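Notes to accompany the following structure.
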Amino acid sequence: MSNLATTRREKKANLGPYGKLGHALGELDDRLGVAKGGRTFLDKIFPDHWSFMLGEIALYSFVILLATGVFLTLYYVPSQALVTYHGSYLPLDGQRVTQAFASTVDLSFKVRAGLLMRQMHHWACDIFVGAIVVHMARVFFTGAFRKPRELNWTIGTTLLILAIVNGFLGYSLPDDLVSGTGIRIAYSIILSVPVVGTYLGFWVFGGNFPGTAIIPRFFILHVLIVPAIIVTLVTVHMVLLVRQKHTQFPGEGRTEKNVVGAPMFPVFMAKTTGFLFIVSGFTALLGAFAQINPIWQFGPYDAARISYAVQPDWYMGFLDGALRIFPAWSFHSFGHTIPLEVTIPAVILPGLIFNLVFAWPALERKFTGDHEMHNLLDRPINRPKRTAAGAAVFALLAILFIASSTDVIANFFHLSLNTVLWAMRFLTFIVPIVTYPVTYKICKELQGVANAGKRKTANVVTRTSDGEYQATPSPAYVDDVSHELEPTPVPAFITPSEVASDERGVRTVDR
Amino acid sequence: MTDSHEQRTPVALTGLREDDPRLQPAARHPETVERVIAISFVLGLMLFLLFGYCFIVNAKAWTLGATLGGGLSLLGFGLVAWGKYLMPRGPFVEERHTLANTKADRDAFAAAIVERGGGVIKRRKMLGGLLGGGLGVFSVVALFPLLRSLGPMPKGTLFHTDWRKGSYAVDQTGRRIHQDDLTIGSIVTVFPEGTQDTDRGQAVDQTVIIRLSNEDFVTQKGRENWAPMGYVAYSKLCTHLGCPVGLYEQQLELLVCPCHQSMFDVTNGAIPNFGPAPRPLPQLPLYIDASGYLRAQRDYDQPVGPGFWERS
């Protein structure tokens with residue numbers, strides 16, 4: 001072992017067939033024993049389907065959030081201390097604003113690439129929450145949440161809640177007129193909780209609204225505590241995914257007992273890294289060309305001022321809509337008030353929806369009696385009840401979301417606000433109730449259609465010499481026919497074509 | 001590396017011939033794809049250089065985003081195309097092994113917890129109880145600094161504003177409102193003098209004064225002398241969620257909350273006649289002093305703003 005290599009060639013020979021890298025990996029394996037596990041990881045199979053990309057969008061937009069967010073913390077000042085603004089945005093010159101607001105305007109206009117980073121951060125957040133929702137819809141409608149993956153469904157739902165919460169905390173930080181009104185509403189919602197509401201409100205805000213504590217508190221929650229929980233849960237989410245392996249759609253050669261697709265290295269790694277770049281690039285283009293949250297136009301927060309036609313970020317829309325259309329049913333009795341007009345739409349309704357989402361895997365197990373392991377995905381049409389239930393919940397959320405702009409709709413379509421309000425109240429019940437049977441029926445009908453979802457091919461009509469007409473379907477489109485070969489395990493080695501005579505070589509090695 | 005003396009089992013590793021169809025690229029014309037990828041990489045690289053240039057000369061924000069976004073997108077596009085069209089097309093397969101262990105393994109695991117751990121606790125029941133009690137008290141006590149230090153107790157703060165007997169109504173600049181200041185149909189946001197610059201003044205005491213007519217105006221029975229010369233004053237905090245009721249519909253004499261469109265009839269005690277607000281806006285009794293300034297007779301007779309548990 002201690003032979004002194006003298007020439008370069010000998011040195012090279014001592015390193016073995018894989019050179020310096022191989023030698024370094026060997027050293028690493030001596031210490032950590034990573035060779036076997038590492039190889040298994042590189043061979044990990046990723047099934048190929050466009051819908052498996054949705055979770056990647058969520059993951060990568062979170063990466064962008066972390067990167068741009070760190071940039072923003074270098075310039076943002078989380079303080080409600082008042083300063084007089086003398087920056088480059090002249091319309092605000094001389095105004096008394098909080099440091100939080102002033103520093104956000106300054107980082108947008110004075111810091112190079114600051115505006116781009118801020119807009120990318122905001123866009124990435126909207127994409128993050130959206131991608132989580134669409135990813136969850138994929139998981140739900142294909143039944144990927146079934147045993148053994150219920151735990152990951154729970155983690156994913158928790159991540160959605162955390163993403164929404166952190167989004168709200170984040171857009172509150174600039175302390176502008178619009179976000180300040182959002183904080184005011186959040187405070188009133190906390191107050192509405194029976195018995196403990198006022199205490200919770202005073203403790204969260206450090207006193208009566210607005211106080212001077214809320215921006216620093218939201219800041220530390222937004223940049224440290226919530227992200228730390230998200231990072232932890234995302235890590236667990238991924239570890240479980242590797243441990244339990246991917247689900248896959250049924251198809252040739254695909255069973256409950258295998259995974260068919262592309263290996264982690266290099267195919268999936270190339271595609272997913274490229275996709276990270278595409279998501280980042282798309283976010284940067286949005287940040288460049290699509291203005292978002294121009295707080296200098298809204299002005300600083302002032303509790304006695306308000307802006308018209310204001311909506312929160314899209315993922316809070318369903319709550320705002322519910323608050324708008326819920327009737328004024330305050331409950332007064334025994335010297336106490338329960339503001340049901342707030343508690344029900346803003347506390348109980350989201351509580352019910354998210355608890356339903358959490359409980360769904362268990363509910364489905366109970367109602368179907370299906371306790372089997374499932375690694376093959378369902379086509380949504382083959383599970384009409386589940387698909388219809390999911391569609392109904394989405395329909396409810398969509399109506400509530402639309403209801404968050406009743407005033408804008410009334411203005412735009414020249415309707416009375418009263419008409420729009422009552423229409424929304426009725427639609428909130430009608431649309432989900434209609435959606436369920438319609439979706440169910442569509443699923444059932446599609447089940448009976450051969451080649452549903454495939455393009456129809458033309459019929460070729462020929463006339464025989466006897467004058468008889470015959471219609472024969474032309475062959476399927478090339479793209480509609482799968483040309484999949486027989487799947488093979490990831491090869492441990494590749495033999496040159498001229499050496500081996502049989503198709504698959506076998507080497508025996510000591511392990 | 002020295003050989004270990006452990007028994008090593010020989011395993012068969014499978015390989016593939018170089019010309020195996022599954023190792024071939026998926027693209028029908030790999031050369032064309034390679035050219036397209038090369039072009040996108042080159043363009044991406046050029047855009048990154050342009051980004052550097054734009055940054056150095058401090059060009060407009062959109063140029064930074066356009067070059068960065070374009071470069072990243074092109075690089076990503078090339079990389080995805082490389083992986084999708086030029087790398088081995090597969091398909092490859094791996095076996096899925098059952099994660100569940102044997103019954104014996106499970107039993108051993110459960111036994112370790114139940115018998116070993118349970119045995120220890122059963123033998124020393126008192127210690128277990130004391131430890132549990134200690135941890136229980138700790139978990140309650142630990143909440144005190146976590147919760148209680150966060151802020152003061154609400155006490156009566158939500159029931160009162162800073163309006164006092166004789167408080168001058170001033171606008172946001174601190175100017176006192178005089179009886180000749182407002183024309184009929186106009187509105188102004190006021191605060192009790194001295195609070196117009198404070199957070200609490202703006203958040204809690206904010207009040208709107210509307211001039212409805214030239215005569216003393218009665219909005220409700222029992223409020224006969226509250227609105228001298230047609231000046232009515234209402235809390236500006238919406239009783240729904242506390243947004244400032246910032247819109248005044250002059251023709252209909254309605255105060256409208258822009259947040260959730262509650263509407264309050266100012267001629268009729270600000271009773272909500274539309275939207276989710278459950279209660280009228282509290283009215284502030286005004287009087288006009290000898291010099292003609294608008295002043296408060298006293299504080300509001302009920303809590304302002306949204307509902308909460310302690311409110312009767």
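Numbered from 1 within each chain, the chains take letters A, B, ... in sequence-line order. Keep in mind it's a predicted model, so treat the numbers as computed, not measured. Values below: all heavy atoms of this structure, side chains included; hydrogens, waters and symmetry mates excluded.
Centroid-to-centroid, the aromatic rings of B:Phe159 and B:Phe308 come within less than 6.0 Å. Taking the six-membered ring for Trp and the full ring otherwise, A:Phe205 and A:Tyr187 have centroids separated by under 6.0 Å.
Ranked by heavy-atom pairs under 4.5 Å with chain B, the first of A:Gly321, A:Pro210, A:Gly211 is A:Pro210. Note on A:Arg112, A:Lys245, A:Gln244, A:Glu341: by heavy-atom pairs under 4.5 Å with chain B, the leading option is A:Arg112. When each of A:Met117, A:His332, A:Glu486 is scored by its heavy-atom pairs under 4.5 Å with chain B, the top score falls to A:Glu486. Of the residues considered (A:Lys271, A:Lys257, A:Arg254, A:His336), A:His336 shows the highest number of contacts with chain B, using heavy-atom pairs under 4.5 Å. Here A:Arg184 is the residue among A:Arg184, A:Lys44, A:Met120 with the most heavy-atom pairs under 4.5 Å with chain B. For the set A:Met373, A:Glu256, A:Arg96, the count of heavy-atom pairs under 4.5 angstrom toward chain B peaks at A:Glu256.
Residue A:Asp43 touches chain B through its backbone alone, counting heavy-atom pairs closer than 4.5 Å. With a 4.5 Å cut-off on non-hydrogen atoms, A:Ile338 touches chain B through its side chain but not through its backbone. Using a 4.5 Å cut-off between heavy atoms, A:Tyr199 contacts chain B through both its backbone and its side chain. Contacts between A:Val342 and chain B at a heavy-atom distance below 4.5 Å involve the side chain alone, from C-beta outward. For B:Leu86, no part lies under 4.5 angstrom from a heavy atom of chain A. Contact of A:Ser307 with chain B is made through the backbone alone, with heavy-atom distances under 4.5 Å. Residue contact with chain A, scored on non-hydrogen atoms closer than 4.5 Å, involves the side chain of B:Lys236 exclusively. In this structure, chain A has heavy atoms under 4.5 Å from both the backbone and the side chain of B:Cys259. When heavy atoms are compared at a cutoff of 4.5 Å, B:Ile56 approaches chain A solely by way of its backbone atoms N, CA, C and O. In this structure, chain A has no heavy atom under 4.5 Å from any part of B:Ser262. Only the side chain of A:Pro339 comes within contact range of chain B, with heavy atoms under 4.5 Å apart. Heavy-atom distances place no part of B:Val256 under 4.5 Å from chain A, backbone and side chain included. Heavy atoms closer than 4.5 Å to chain A are found in both the backbone and the side chain of B:Ala203. Contact of B:Leu23 with chain A is made through the side chain alone, with heavy-atom distances under 4.5 Å. A:Gln80 does not touch chain B: none of its heavy atoms, backbone or side chain, sits under 4.5 Å away. Using a 4.5 Å cut-off between heavy atoms, A:Leu200 makes no contact with chain B at all. For chain A, the nearby part of B:Arg279 is the side chain; its heavy atoms alone come within less than 4.5 Å. For A:Phe282, the part lying near chain B is the backbone, with the side chain staying farther off; criterion is any non-hydrogen pair under 4.5 Å. For chain B, the nearby part of A:Leu421 is the side chain; its heavy atoms alone come within less than 4.5 Å. Within the 4.5 angstrom heavy-atom criterion, atoms from both the backbone and the side chain of A:Leu417 approach chain B. For A:Gln119, no part lies under 4.5 angstrom from a heavy atom of chain B.
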Query - Residue pair A:Arg324, A:Thr406: steps toward the side-chain hydrogen bond (donor to acceptor under 3.5 Å, both in side chains) verdict - result: CA-CA 8 Å; A:Arg324 282 183 187 216; A:Thr406 41; 3.2 Å; yes
A:Arg305 and B:Gln202: CA distance, side-chain angles, deciding distance, side-chain hydrogen bond (donor to acceptor under 3.5 Å, both in side chains) verdict | CA-CA 9 Å; A:Arg305 287 174 197 269; B:Gln202 291 181 357; over 6 Å; no
* Taking it one step at a time, do A:Asp302 and B:Gln172 satisfy side-chain hydrogen bond (donor to acceptor under 3.5 Å, both in side chains)? -> CA-CA 11 Å; A:Asp302 175 339; B:Gln172 208 150 17; 2.7 Å; yes
- Task: Given side-chain hydrogen bond (donor to acceptor under 3.5 Å, both in side chains), test B:His260 with A:Asp407 step by step and report yes or no.
- Result: CA-CA 8 Å; B:His260 303 100; A:Asp407 51 342; over 6 Å; no
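Counting non-hydrogen atoms of other residues, nucleotides and ligands closer than 6.0 Å to CZ of B:Phe77 gives a total of 12 or fewer. A 6.0 Å sphere centred on CZ of B:Phe48 holds more than 12 heavy atoms belonging to other residues, nucleotides or ligands. Shown here is B:Tyr85, whose OH atom has no more than 12 heavy atoms of other residues, nucleotides or ligands within 6.0 Å. Under a cut-off of 6.0 angstrom, the local environment of OH in B:Tyr53 is sparse, with at most 12 non-hydrogen atoms contributed by other residues, nucleotides or ligands.
Using a distance-only test at 3.5 Å, with no hydrogens or angles considered, no donor-acceptor pair links the side chain of B:Trp309 to the main chain of A:Thr198. Here the side chain of A:Trp203 pairs a donor or acceptor atom with the backbone of B:Gly151 at under 3.5 angstrom.
Below 30°, between 30° and 60°, or above 60°: for B:Phe51 and B:Phe55 the angle between ring planes is between 30° and 60°, a tilted geometry.
Side-chain contact between A:Pro47 and A:Val260 is absent, with no heavy-atom pair separated by less than 4.5 Å.
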